[in-house]
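Since the model is a prediction, treat every value here as computed from it, not as a measurement. When reading the values below, keep in mind they use all heavy atoms of this one structure, side chains included, and skip hydrogens, waters and symmetry mates.
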Amino acid sequence: MGGRLWCGMGSSGALFVCDVDTWKFDLPINVATNRIYVLEEYEGEIWAGSRDGNLYVVDTETGRPISTLPNHGEAISGITVVKPTIWTSSFDGLLICWNPKTRDVIRQITIPKSGRVSSLISIGNWLWCSGKQKLIAIDISDPENHNIEKFAIDFRPEAPLFVDCLAKTPNDQIWCGWSGSNGCKLSLWCTKTRKCLLVRDLKEFRGIGRAV
């Protein structure tokens with residue numbers, strides 16, 4: 001993407017492109033009918049996931065929308081690249097694997113009793129997503145089958161906390177942002193041992209929307 005920053009608007013459903021040297025914005029690229037939740041760049045294209053349940057693919061050189069993919073139906077919550085594919089998630093727990101060149105659906109996974117899936121990342125052949133009060137891992141190494149693991153951290157007697165966002169570290173650990181009525185927490189999760197390494201209270205804040 002060079003010296004350009006792509007921004008998805010939280011109100012109009014448009015994309016803006018900013019020149020990071022001059023801080024000038026190009027004219028908006030109108031793609032969605034509702035707010036843009038997630039963006040991912042892949043081989044000269046921007047994949048944008050919207051609250052309207054659609055994925056929009058935009059050419060980074062021309063700024064022209066190329067494709068609209070309506071397969072999810074519910075709001076898009078995550079996009080992650082697992083080369084040579086792209087995986088997307090929606091709030092209802094549906095995960096879709098795409099061929100980014102043909103836009104064909106390769107496979108779909110529905111997470112049972114997932115709650116609100118609000119974030120998606122990939123580490124190796126595993127997808128990790130947030131599912132209401134739990135962290136969910138899906139093994140996608142076998143194209144015909146998948147294994148789902150769910151992990152929860154009991155914060156009682158405090159009010160329930162919900163996983164809002166995930167961020168992976170260079171050594172394949174995951175930061176989890178938990179939000180609730182009495183503040184929020186950050187926890188660090190080891191993907192190899194499947195154990196929580198630490199928890200930090202952030203009572204002065206109400207929630208963690210995204211983390212990188």
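- Seen from the ring of Tyr37, Arg51 does not count as a face-on cation partner, given the 6.0 Å and 45° thresholds.
- Both Leu198 and Leu202 belong to a common hydrophobic cluster when Ile, Leu, Val, Met, Phe, Trp and Tyr are linked at side-chain heavy-atom distances under 4.5 angstrom.
- Side chain of Thr60 to backbone of Gly44: a donor-acceptor contact under 3.5 angstrom is found.
- Using a 4.5 Å cut-off on side-chain heavy atoms (C-beta onward), Ile96 and Gln108 make contact.
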Which atom pairs, donor and acceptor, lie under 3.5 Å between side-chain atoms of residues 121-129 and protein residues at least two apart or in another chain?
residue : atom : partner : partner atom : Å
Ser122  : OG   : Thr80   : OG1          : 2.8
Ser122  : OG   : Val81   : O            : 3.4

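- At a threshold of 4.5 Å between non-hydrogen side-chain atoms, the residues Ile36 and Val31 count as touching.
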- Message: Please evaluate residues Val58 and Trp47 with respect to the criterion side chain to side chain contact (heavy atoms under 4.5 Å, CB included), reporting the C-alpha separation (whole Å), side-chain torsions for both, the decisive distance (0.1 Å), and the verdict.
- Response: CA-CA 7 Å; Val58 177; Trp47 285 56; over 6 Å; no
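- Rounded to the nearest 0.5 Å, atoms CD1 (Ile111) and CG (Leu94) are 9.0 Å apart.
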- Task: Please step through ring pair (Phe, Tyr, Trp, His ring centres under 6.0 Å) for the pair Trp189 and Phe151, ending with a clear verdict.
- Result: CA-CA 10 Å; Trp189 189 268; Phe151 310 94; 5.2 Å; yes
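- For the pair Asp142 and Glu144, the tightest heavy-atom approach, listed with the atom from each and the gap, is OD1-N, 2.9 Å.
- The CD1 atom of Ile79 sits 9.5 Å away from atom OG of Ser77, with the distance rounded to the nearest 0.5 Å.
- The closest donor-acceptor contact from the side chain of Ser90 to the backbone of His72 lies at 3.5 Å or more, if one exists at all.
- Taken to the nearest 0.5 Å, the OG atom of Ser67 stands 11.5 Å off from the CG atom of Asn54.
- Sorted by first and then second residue, the pairs that involve residues 102-111 and meet salt bridge (Lys or Arg N to Asp or Glu O under 4.0 Å), not counting sequence neighbours, are Glu45-Arg103.
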- Item | Derivation of the side chain to side chain donor-acceptor pair (under 3.5 Å) call for Asp172 and Thr191 | CA-CA 6 Å; Asp172 293 343; Thr191 61; 5.4 Å; no
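- The shortest non-hydrogen separation linking Pro100 to Pro84 is CD-O, 3.2 Å.
- The structure places SG of Cys97 at 8.5 Å from CD1 of Ile109, a figure rounded to the nearest 0.5 Å.
- Taking 4.5 Å as the limit, every side-chain heavy atom of Lys185 sits out of range of all side-chain heavy atoms of Arg200.
- Test Val57, Leu69, Ile106 against Trp98 for side chain to side chain contact (heavy atoms under 4.5 Å, CB included) and you get one pass: Leu69.
- The other residues sharing a hydrophobic cluster with Met9 are Phe16, Phe25, where clustering joins ILVMFWY side chains under 4.5 Å apart.
- Between Ile140 and Trp87, the closest side-chain pair of non-hydrogen atoms falls below 4.5 Å.
- Residues Thr169 and Trp175 bring no donor and acceptor atom of their side chains to less than 3.5 Å of each other.
- Counting only distance, with no hydrogens or angles, the side chain of Ser130 and the backbone of Ser118 share a donor-acceptor pair below 3.5 Å.
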- In sequence, state the C-alpha distance, the side-chain angles, and the governing distance for Glu149 and Arg194, and then conclude on side chain to side chain contact (heavy atoms under 4.5 Å, CB included). CA-CA 10 Å; Glu149 300 178 20; Arg194 303 297 202 257; 3.0 Å; yes
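- Interatomic distance, Leu55 CG to Asn71 CG, rounded to the nearest 0.5 Å: 8.0 Å.
- Side-chain contact check for Ile76 versus Ser50: every heavy-atom pair is 4.5 Å or farther apart.
- Among all heavy-atom pairs drawn from Leu166 and Val163, the shortest one is CD2-CG1, 3.8 Å.
- Under 3.5 Å, the side chains of Asp52 and Thr33 contain a donor-acceptor pair of N or O atoms.
- To the nearest 0.5 angstrom, Ile138 atom CD1 is 6.0 Å from Ile148 atom CD1.
- Within the 4.5 Å cutoff, side-chain heavy atoms of Lys101 are placed close to those of Glu43.
- Summarising the geometry of Gly177 relative to Leu186, their closest heavy-atom pair is CA-CD2, 4.1 Å, with the distance given to 0.1 Å.
- Listed here is the closest heavy atom pair of Leu120 and Ser89: CB-OG, 3.5 Å.
- When all heavy atoms of Leu39 and Gly8 are compared, the pair lying nearest together is CD1-N, 3.6 Å.
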